[in-house]
Q: 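Attaching a single structure in structure tokens format; questions to follow.
The structure presented is a predicted model; accordingly, all values stated were derived computationally and were not measured. Every chain is numbered from 1, with letters handed out A, B, ... down the list of sequences.
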Number of protein chains: 2
Amino acid sequence: MERVSEELDLDAQLRIAVGRLNRRIRAEKASDELSDGQFSVLALLYREGPHTVGELAEAERVTPPSMNRRVNSLVEGGYVTREGSPDDGRKVIVRVTDAGAAFVTETRRRREHWLNKRTRALTAAQRETLRQASVIMKELADS
Amino acid sequence: MERVSEELDLDAQLRIAVGRLNRRIRAEKASDELSDGQFSVLALLYREGPHTVGELAEAERVTPPSMNRRVNSLVEGGYVTREGSPDDGRKVIVRVTDAGAAFVTETRRRREHWLNKRTRALTAAQRETLRQASVIMKELADS
DNA sequence: CGCAGGTAATTAGCGTTGCTAAGGAGTAGC
DNA sequence: GCTACTCCTTAGCAACGCTAATTACCTGCG
């Protein structure tokens with residue numbers, strides 16, 4: 001692993017690191033009530049307010065049927081509601097319920113997660129690197 | 001996004017960034033012949049030589065049955081071979097074939113991948129940040 | 001008006017990949 | 001040589017993504 005950190009391997013390194021860390025985060029999540037994708041949708045709705053199914057699909061970069069399934073699960077769990085759009089009957093607006101909002105805040109509060117614990121053990125400089133990298137990675141993902 | 005990059009949110013930011021980038025990388029992969037996980041195993045075998053199924057499972061952090069399935073796919077595709085261990089009949093040694101090795105090098109060569117293109121467009125400082133972050137993220141994942 | 005064509009959501013059905021549980025073959029120790 | 005353990009494999013299940021097809025609705029043009 002010594003000479004591997006050459007310029008040319010940034011690609012491979014980043015890909016592997018992102019893949020592993022992502023899997024590890026998923027494996028260590030605190031609550032089993034919602035999947036990663038479901039919680040992601042719930043958090044988005046909580047953060048940015050009601051959205052249509054199509055908007056959610058686009059935001060999460062999944063197809064409408066996939067998003068529809070996620071929304072179904074959330075509705076069944078009582079985390080969100082579906083309501084028809086007043087001005088366009090084709091559209092369906094998804095809105096967080098009080099229970100859903102509570103779940104988001106509650107989940108955040110009890111996040112003595114694996115990741116949290118680990119990042120706390122890092123140096124300030126390492127955390128800063130990760131923070132900057134997060135911004136760059138998001139830009140990469142959204143570009 | 002201004003005040004969001006506070007200490008407390010590193011967690012959430014990193015998690016989201018890793019999730020999104022991981023999905024995006026997977027979506028944009030060049031070759032459809034092998035899945036991400038299958039290629040990961042193939043590359044490991046190419047890089048580090050023959051391993052048993054159990055070793056591969058541990059290295060990739062999946063269960064033995066899951067690894068067994070990956071190996072099956074690779075054997076069917078002619079990328080690797082299965083052979084009994086000479087000294088322990090229970091073990092099965094997985095070894096890259098010439099075709100498998102060629103696929104790894106060929107895949108690397110034709111990697112004008114999405115990620116590669118994007119990272120090339122970054123500044124040197126940004127690449128350096130990502131490189132350092134990759135190391136830290138791997139440590140996090142492996143800890 | 002009324003129908004043709006487009007858009008949004010949904011349903012149906014498939015493939016991949018992970019897991020747990022259980023089975024089969026081989027090894028090791030008493 | 002029998003018991004217990006290890007390693008791989010098979011069987012069956014669940015999650016989640018996708019494409020294709022269906023339903024409901026809107027829009028515009030004859």
Side-chain angles (χ1 to χ4, degrees), chain A residues 19-29 31-42 45 50-77 79-95 141, chain B residues 19-29 31-42 45 50-77 79-95 141:
Chain A
R20 277 207 206 147
L21 185 54
N22 188 52
R23 171 173 297 168
R24 193 68 199 244
I25 289 170
R26 290 180 143 240
E28 300 285 339
K29 69 178 190 286
S31 161
D32 284 342
E33 297 183 55
L34 292 181
S35 77
D36 211 56
Q38 286 161 5
F39 185 78
S40 179
V41 172
L42 187 60
L45 290 171
H51 284 66
T52 66
V53 173
E55 286 166 353
L56 291 174
E58 189 179 2
E60 294 279 316
R61 300 183 183 283
V62 296
T63 57
S66 296
M67 181 52 65
N68 192 51
R69 183 188 282 165
R70 286 193 194 176
V71 171
N72 281 343
S73 303
L74 290 171
V75 169
E76 280 170 21
Y79 300 99
V80 304
T81 57
R82 243 192 260 265
E83 49 188 270
S85 169
D87 45 278
D88 188 338
R90 294 168 302 181
K91 295 187 179 175
V92 167
I93 294 174
V94 184
R95 184 188 303 273
Chain B
R20 279 207 204 145
L21 185 54
N22 187 52
R23 172 173 296 168
R24 193 67 198 243
I25 289 171
R26 291 181 141 237
E28 301 285 340
K29 69 176 189 284
S31 161
D32 283 343
E33 297 183 53
L34 291 181
S35 77
D36 212 56
Q38 286 161 4
F39 185 78
S40 179
V41 172
L42 186 60
L45 290 171
H51 283 66
T52 66
V53 173
E55 286 167 352
L56 291 175
E58 189 179 2
E60 294 279 316
R61 298 183 184 285
V62 297
T63 56
S66 297
M67 181 53 64
N68 191 50
R69 183 188 281 165
R70 286 193 194 176
V71 171
N72 281 342
S73 303
L74 290 171
V75 170
E76 281 170 21
Y79 300 100
V80 303
T81 57
R82 242 192 260 265
E83 50 188 89
S85 170
D87 46 277
D88 187 339
R90 294 168 301 181
K91 294 186 180 176
V92 167
I93 295 174
V94 184
R95 185 188 303 274

Q: Given atom CD of E58(A) and atom P of dA9(C), what is their separation to the nearest angstrom?
A: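 Answer to the nearest Å: 11 Å.
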
Q: Would you kindly give the CD-to-C1' distance between E60(A) and dC18(D), to the nearest whole Å?
A: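 These atoms are roughly 16 Å apart.
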
Q: Would you say a side-chain N or O of T52(A) is under 4.0 Å from OP1 or OP2 of dA9(C)?
A: yes

Q: Tabulate protein N/O versus nucleotide N/O from nucleotides 10-16 of chain C, keeping only pairs under 3.5 Å, one per line.
A:
unit_1: dT10(C); atom_1: OP1; unit_2: R82(A); atom_2: NH1; d: 2.8
unit_1: dT10(C); atom_1: OP2; unit_2: N68(A); atom_2: OD1; d: 2.3
unit_1: dT10(C); atom_1: OP2; unit_2: R82(A); atom_2: NH1; d: 2.8
unit_1: dT10(C); atom_1: O5'; unit_2: N68(A); atom_2: OD1; d: 3.2

Q: Once hydrogens and angles are ignored, does a donor-acceptor distance under 3.5 Å link the base of dT7(C) to the side chain of R90(A)?
A: yes

Q: Let me know the distance between CG of L74(B) and P of dC8(D), rounded to the nearest Å.
A: 16 Å

Q: Could you state the interatomic distance from NE2 (H51(A)) to CD (E58(A)), rounded to the nearest 0.5 Å?
A: 10.0 Å

Q: What is the distance from CG of D36(B) to C1' of dG18(C), rounded to the nearest Å?
A: 14 Å

Q: Using rotation axes that map the C1' atoms of four end pairs onto the next four (five pairs an end), what angle separates the end axes of the helix from dC1(C)-dG30(D) to dC30(C)-dG1(D), to 10°?
A: 10°

Q: Sequence neighbours left out, what passes side chain to side chain donor-acceptor pair (under 3.5 Å) with S66(B)? Give chain and number order.
A: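 Side chain to side chain donor-acceptor pair (under 3.5 Å) list for S66(B), sorted by chain: T63(B).
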
Q: If I take atom CD1 from residue I93(B) and atom CG from residue L45(B), how far apart are they, to the nearest 0.5 angstrom?
A: 11.5 Å

Q: Expressed as a whole number of angstroms, how long is the span from E55(A):CD to dA9(C):P?
A: 8 Å

Q: Please give, in whole Å, the distance from dA25(C) C1' to D87(B) CG?
A: 16 Å

Q: dA24(D) C1' sits how many Å from K91(A) NZ, rounded?
A: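 Going from K91(A) (NZ) to dA24(D) (C1'), I get 15 Å.
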
Q: So, is T63(B) close to the dG18(C) phosphate, meaning a side-chain N or O under 4.0 Å from OP1 or OP2?
A: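 Answer is no, no contact under 4.0 Å.
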
Q: Here's a test of your reading of the structure: between G89(A) and S73(A), which maps to the more 5' nucleotide of DNA chain D?
A: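 Here S73(A) is the residue nearer the 5' end.
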
Q: Whole angstrom is fine here: how far is it from CD in E83(A) over to P in dA9(C)?
A: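 In whole Å, dA9(C) P and E83(A) CD are 13 Å from each other.
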
Q: First locate atom CD of E76(A), then atom CD of Q38(A), and finally report the distance between them rounded to the nearest 0.5 Å.
A: 9.5 Å

Q: Do R82(A) and N68(A) come within less than 4.5 Å of each other through their side chains, counting heavy atoms only?
A: yes

Q: Any idea which heavy atoms bring R70(A) and G37(A) closest together, and the distance?
A: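 Taking every non-hydrogen atom into account, NH1-O, 3.2 Å.
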
Q: Could you check if a side-chain atom of L34(A) sits within less than 4.5 angstrom of a side-chain atom of L74(A), using non-hydrogen atoms only?
A: yes

Q: Is atom CD of E83(B) surrounded by more than 12 heavy atoms (other residues, nucleotides or ligands) closer than 6.0 Å?
A: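 Result for CD/E83(B): enclosed.
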
